[in-house]
Amino acid sequence: LGGDGVVGGFADGLSDDEPPAQRVRLDRAEDGDPHPEDDYNPAPHHKRNVFATNGDKFVFVMVGLPARGKTYIAHKIKHYFQFFHSAPTEVFNAGQTRRKLLGAKPTPGFFDPKNAEGSKLRESIAMRTCENLISWLKEKNHNDVLGRIAIYDATNTTRKRRKWIIEKLTPVLQSRRHLIFIESICDDPATVDQNIKSVKLTMPDYAGREPGDAIKDFKQRIEHYKISYEPLESKHDDKLSWIKMLNGGENMTMNRIKGSLPGQLVTLLMNLHTLPRPIYLSRHGRSVYNVQNRIGGDSGLSSEGEQYAKELAEYVEDHILNQNLHSTALNAKHARLYTSTMQRSIQTTRWIKHTVQPDGWVTMRPRRFAALDEVYAGKFDGMSPNEILEQAPEESKRRKNDKLNYRYPRGESYADAIERVQLVALQLERHRDPVLVVAHNGIIRILYAYFKGLSREEAPYVDIPFNSVIKIVPRCYTCEEERFELVETKNGKDNKKNPEEKEAGKAQAATGDDKKEKEVPSAI
């Protein structure tokens, strides 16, 4: 990952009259391709070495009162390491164990620390949850080298309980540094109330109960836990590895956090919050190369693409910048704009206005990221599918067998692109105001799959149509979605063919493939 102009780096804040940053390609030269057409590796190493956990086993233990976002954080950690690092990760939730053993609705006073029978049952639930975690941690992966990450999701509010966890897990971990406590603290009553109303009322515990009664009961549960709550503190827990988060990452304190994967964990936690906010995803307008049925390249927009660019600017003005975000913490006028460094992405946003707000904020200030550039087709960049089929017929079979890891000769794979796109995904996690991302089919597929909770294996097959905006709103346990077609299409193609399409005859956009593979590979 490098600076401007390098795949995975950033090209930021360029004006519209400046040329996009050029990506460094070791296999290309100004005066032509140094490799003749028939001189490429016929059996390339398409598999990439995933980061995963380098063979280590980690356990992250959640700590905190109810309604502090612990389960949300736990599942975010799980999906982040599964999606971006291909690490086997699982969450072990004490509440789910309780429901399996005792039923969905706890008896009155079950969480009262003075209730001896309830305390005994809670200890047995903690024991069963921990045993399930240890059993899973001891299982072997398919290649026995990636290691595993287990997340123990419970309140764990006392030092006695945390000491017991350490004693149980130390024998199955390489060192104490592989056991990290993550405490979530929230001292904002409004945020706690919002968490209770938006998440806890949908729990099986309160199915069929009146909202007011359920809220009262859950707040009583919180008060029970407060009686014995002992937060992580340096004077008592100096020898432990822990991370303490205040109000969703507004303030973070760390102790004895060392190593690459714990560093990745810290980076993720620094960017997380629980406020719902809209993210808008869009492919660039149809380009000249799309019309000519050529993959990759850096061509400009076709006439149809120009039409979409103008419609997109109107959509931004009418819908993104003039919406009720249902929270005083969000500001629609502070909306952001992300594009790749490629012409077709930049040109798609050139009609969007960049108004300076009274507080000095530039609405939709364009930021350009090389990390958002399309999956690089390498030797096939700029070629038509027929040309690829003639020169390398075996590539189609390789791609069908493993679309995620297939790497174009001297190019990229989806797995390569996922690794660089995580930089942008983390920024999108951090933002609390609307963001519009205009990029490419493969890249939008990756971002969509991540926020919708899909696996990395599903990402290459997500349907991302031309001429449409996809609005997603990440919430604690769901991700809402709406799709808006700005230029009318029919059966995946516009009703009115533009002049370039007529001239191209049967040309189709090579970047529009779906789960049913074409005979020849495309750039995405």
Side-chain angles (χ1 to χ4, degrees), residues 1-12 20-21 23-24 48-52 76-87 89 264-265 267-268 270-272 279-284 296 298 336-342 344-346 348-349 366-378 402-408 411-431 435-464 470 472 474 479 511 522-524:
L1 303 177
D4 291 352
V6 180
V7 173
F10 294 86
D12 195 355
R23 292 179 290 176
V24 176
R48 63 186 292 277
N49 294 320
V50 293
F51 173 79
K76 270 294 185 181
I77 294 171
K78 172 186 173 180
H79 187 56
Y80 175 79
F81 281 105
Q82 283 182 336
F83 191 88
F84 287 115
H85 298 296
S86 192
T89 309
Q264 293 282 340
L265 172 65
T267 300
L268 172 63
M270 288 175 64
N271 289 285
L272 289 185
I279 299 172
Y280 299 84
L281 305 175
S282 173
R283 292 177 69 173
H284 57 77
D298 194 19
R336 305 164 187 262
L337 173 62
Y338 285 6
T339 72
S340 75
T341 67
M342 310 194 83
R344 54 193 183 273
S345 175
I346 297 169
T348 301
T349 64
R367 300 189 65 189
R368 300 175 186 171
F369 296 89
L372 290 175
D373 287 356
E374 182 58 294
V375 179
Y376 180 48
D402 189 359
K403 192 173 181 181
L404 173 65
N405 292 295
Y406 169 82
R407 179 180 287 129
Y408 288 99
E412 284 185 299
S413 67
Y414 260 102
D416 295 328
I418 287 173
E419 186 170 338
R420 57 177 164 94
V421 168
Q422 72 169 310
L423 299 170
V424 179
L426 285 172
Q427 297 213 36
L428 294 177
E429 289 280 17
R430 185 185 77 241
H431 294 322
V435 185
L436 170 62
V437 181
V438 179
H440 309 267
N441 194 15
I443 302 306
I444 297 299
R445 280 174 164 171
I446 293 169
L447 289 173
Y448 176 93
Y450 170 68
F451 282 101
K452 290 290 288 185
L454 305 180
S455 69
R456 57 194 282 127
E457 288 76 18
E458 294 174 284
Y461 302 100
V462 174
D463 177 31
I464 307 293
I470 302 174
I472 57 175
C479 184
T511 55
S522 69
I524 45 81

Fit a plane to each ring of Tyr80 and His85, take the angle between them on a 0 to 90° scale, and name the class: parallel (under 30°), tilted (30 to 60°) or perpendicular (over 60°). perpendicular
Roughly how far apart are Leu436 CG and Leu281 CG, rounded to 0.5 Å? 8.5 Å
pair Ser345-His440: side-chain heavy atoms closer than 4.5 Å: yes
How about Glu374 and His284: do any of their side-chain heavy atoms sit closer than 4.5 Å? no
Run Tyr338 and Leu428 through side chain to side chain contact (heavy atoms under 4.5 Å, CB included) and show every step you take. CA-CA 10 Å; Tyr338 285 6; Leu428 294 177; 4.0 Å; yes
If you define the side chain from C-beta out and look only at heavy atoms, does anything of Leu372 sit under 4.5 Å from Leu447? yes
If you measure from CD on Glu458 to NZ on Lys403, what distance do you get to the nearest 0.5 Å? 13.0 Å
Atom pair CD1/NZ of Ile472 and Lys452 - distance to nearest 0.5 Å: 7.5 Å
Please walk me through it: do Asp463 and Arg445 pass side chain to side chain contact (heavy atoms under 4.5 Å, CB included)? CA-CA 8 Å; Asp463 177 31; Arg445 280 174 164 171; over 6 Å; no
Interatomic distance, Ser340 atom OG to Asp298 atom CG [nearest 0.5 angstrom]: 8.0 Å
Below 30° counts as parallel, above 60° as perpendicular, anything between as tilted: where do the rings of Tyr450 and Phe83 land? tilted
Taking the side chain as every heavy atom from C-beta outward, state whether Pro366 and Leu337 have any pair of such atoms under 4.5 Å apart. yes
Evaluate the side-chain proximity of Gln264 to Gln422: yes if any heavy-atom separation is below 4.5 Å, no if none is. yes
Does some side-chain heavy atom of Thr348 sit less than 4.5 Å from a side-chain heavy atom of Thr339? no
Atom of Ser413, atom of Asn405 and distance for their closest heavy-atom approach: CB-O, 3.6 Å
Is the side chain of Gln82 donor-acceptor paired with the backbone N or O of Thr89 at a distance under 3.5 Å, no angle test? yes
After noting the C-alpha distance and the side-chain angles of Glu429 and Phe451, does the key distance pass the side chain to side chain contact (heavy atoms under 4.5 Å, CB included) rule? CA-CA 9 Å; Glu429 289 280 17; Phe451 282 101; 3.9 Å; yes
Determine yes or no for a side-chain-to-main-chain donor-acceptor pair under 3.5 angstrom, with Arg283 supplying the side chain and Ile464 the backbone. yes
Is there a side-chain contact between Gln427 and Asn271 (heavy atoms, below 4.5 Å)? no
Can you confirm whether the side chains of Asp373 and Thr341 place a donor and an acceptor under 3.5 Å from each other? yes
Provide the closest heavy-atom pair for Pro460 versus Leu404 in the form atom of the first, atom of the second, distance. CG-CA, 4.1 Å
Over all atoms of both residues, closest heavy-atom pair of Val421 and Phe84: C-CE2, 4.3 Å
Side chain proximity check, Ile77 to Leu265, heavy atoms < 4.5 angstrom: yes
